[in-house]
Protein chains: 2
Amino acid sequence: MALRGRGGGGTGGGLRTSLVVDLVLLAPAGDRLALFAPADASGRRALPSGAPRAGEALDAAAMRLARAATGGTVAWLEQARTRTTSDGVSVLFVGLIPGPAADDERWIPRARAATLGAAARHLVDEATDAIGNWLDRSPIAFRLLPPAFTLSDLQDVYEILLGRTLHKASFRRALQSARLVSPTKEWRSEGRGRPAQLFRLAPRARKSWRRGVRFDWLSE
Amino acid sequence: MALRGRGGGGTGGGLRTSLVVDLVLLAPAGDRLALFAPADASGRRALPSGAPRAGEALDAAAMRLARAATGGTVAWLEQARTRTTSDGVSVLFVGLIPGPAADDERWIPRARAATLGAAARHLVDEATDAIGNWLDRSPIAFRLLPPAFTLSDLQDVYEILLGRTLHKASFRRALQSARLVSPTKEWRSEGRGRPAQLFRLAPRARKSWRRGVRFDWLSE
DNA sequence: TCAATAGTGTCTGTTAGACATTATGGA
DNA sequence: TCCATAATGTCTAACAGACACTATTGA
């Protein structure tokens with residue numbers, strides 16, 4: 001058992017190993033989640049990964065790799081679990097990308113993650129759980145939308161990310177009572193039906209009120 | 001951007017670096033949280049840390065180190081954030097230990113984490129947040145108690161871990177409606193006051209019902 | 001008897017979800 | 001006109017929190 005003081009010597013200390021960042025990048029596509037799993041030269045699909053550069057922070061490395069891989073905007077990127085593999089240490093990052101083109105072959109339906117193998121499927125499950133957790137605590141869904149959006153758009157994003165349907169009136173009431181969105185004077189008409197009002201994410205001035213303890217855990 | 005296939009060659013791939021597990025071990029002590037920060041030979045306190053052995057999984061390494069450091073039972077241990085430091089890669093683990101002896105000098109009040117330095121204080125804050133998150137989703141509080149406990153004991157643990165007081169009647173109602181504890185026929189008398197009934201963690205058969213989306217986020 | 005703690009019953013304001021209704025445009 | 005979608009009002013059951021009260025022990 002080593003007690004490491006502050007500023008221990010340079011690269012001293014732990015076991016030496018290789019370090020890799022693995023990425024599970026998801027995006028809303030239609031009414032499902034899509035997974036970024038491009039094929040390599042031999043046609044085999046895999047999750048993107050890469051190595052941090054010397055001195056580069058993990059978050060920065062993951063962001064650089066995610067941008068380079070997708071070529072697009074990264075709406076949100078967060079660290080998940082670290083594990084040791086036969087290759088060394090793997091740090092998993094979970095990211096959300098705004099809607100990719102429907103014909104982009106690098107994206108596959110999230111439900112087909114199992115075709116990448118059991119290990120990849122496990123990482124994707126872990127990523128999906130992480131998104132659900134963050135969604136409860138942070139406005140990540142808004143980053144997948146343009147600055148002005150309809151409440152139906154927003155609800156669609158939530159439903160895709162959560163993988164379940166939400167009650168419309170309750171959803172809107174919760175948004176309103178949290179003063180989370182503010183209406184604009186614009187309306188958007190899409191096909192049939194009444195046009196929808198556009199909203200923006202409101203600059204927050206909310207006191208986070210405390211919620212009671214809930215014991216509705218998942219059955220183990 | 002490297003696309004790594006399955007079973008890449010042995011230790012190939014990423015940047016080579018050293019790997020260290022850092023531990024934030026907390027325990028309820030009286031009505032506060034205590035932090036495990038033993039002093040080394042020179043009298044300087046620090047968070048415990050250590051290196052995984054070759055081939056050892058991170059969880060296993062953290063558990064081994066936590067047990068070795070405290071010499072006691074580890075009620076719960078979970079991975080938190082991984083970061084790169086000047087020493088290499090550091091994987092943070094958060095653990096809970098059942099009540100240490102009041103005269104155990106290796107434990108300090110959690111509020112005095114700042115005396116270990118800014119970096120350690122940050123890790124401890126991160127650990128406290130992680131505990132709050134897990135507490136919402138998993139029965140970790142029960143592991144800090146003996147198999148039979150009073151509801152006041154349980155509430156005390158929750159209050160210490162959450163850092164705030166809870167409403168007694170609501171706490172009990174929530175426990176009851178979740179069918180989370182089952183009463184025993186034993187009662188325990190401690191000093192003055194009416195004796196308290198002992199309870200046990202009930203074998204769960206709960207369907208986890210879905211909760212609506214809440215937007216009560218912390219102000220950023 | 002008093003103090004202290006355990007446990008419970010009742011009330012109230014809030015909220016999630018169900019349902020129904022109105023509003024407004026396109027086909 | 002009919003249909004589809006947006007937006008909103010009302011009702012109800014559940015729940016959190018407040019409060020008060022009873023129960024049971026030791027001092």
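Proteins get letters first, then strands, A, B, ... in listed order; numbering begins at 1 in each.
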**Request:** Considering only NZ, NE, NH1 and NH2 on the basic side and carboxylate oxygens on the acidic side, decide whether A/Arg83 and A/Glu126 come within less than 4.0 Å.
**Result:** yes

**Prompt:** Between B/Thr115 and B/Arg112, do the side chains contain an N or O donor and an N or O acceptor separated by less than 3.5 Å?
**Reply:** no

**Asked** Any donor-acceptor pair under 3.5 Å linking the side chain of A/Thr70 with the backbone of A/Ala66?
**Response** yes

**Prompt:** Between B/Asp59 and A/Arg81, is there a salt bridge with N-O shorter than 4.0 Å?
**Reply:** yes

**Prompt:** Would B/Phe171 and B/Tyr158 count as a close aromatic pair, with their ring centres under 6.0 Å?
**Reply:** yes

**Prompt:** Where the side chain of A/Gln79 meets the backbone of A/Leu92, is there a donor-acceptor pair that is under 3.5 Å apart?
**Reply:** no

**Fill in**
the helix from C/dT1-D/dA27 to C/dA27-D/dT1: angle between terminal helix axes, five bp per end, to the nearest 10 degrees, reads 10°

**Asked** To the nearest angstrom, how far is A/Asp156 atom CG from D/dT5 atom P?
**Response** 11 Å

**Message:** Whole angstroms only, please: what is the CD-P distance between B/Gln176 and D/dA14?
**Reply:** 15 Å

**Request:** Scan nucleotides 1-12 of chain C nucleotide by nucleotide, 5' to 3', and note B when protein non-hydrogen atoms come under 4.0 Å of the base, S if they reach only the sugar-phosphate, - if neither.
**Result:** --BBBBB-BB--

**Prompt:** Hey, does the side-chain of B/Ser170 have a donor or acceptor N/O within less than 3.5 Å of a partner on the base of D/dG17?
**Reply:** yes

**Asked** Can you tell me how far P of D/dA7 sits from CG of A/Leu175, to the nearest Å?
**Response** 12 Å

**Request:** Please check if any side-chain donor atom of B/Asp153 sits under 3.5 Å from a side-chain acceptor atom of B/Thr150, or the reverse.
**Result:** yes

**Prompt:** Under the salt bridge (charged side-chain N to carboxylate O under 4.0 Å, His left out) test, which residues partner B/Glu186, sequence neighbours left out?
**Reply:** none

**Complete:** To the nearest angstrom, the CD-P distance between A/Gln155 and C/dG17 comes to 11 Å

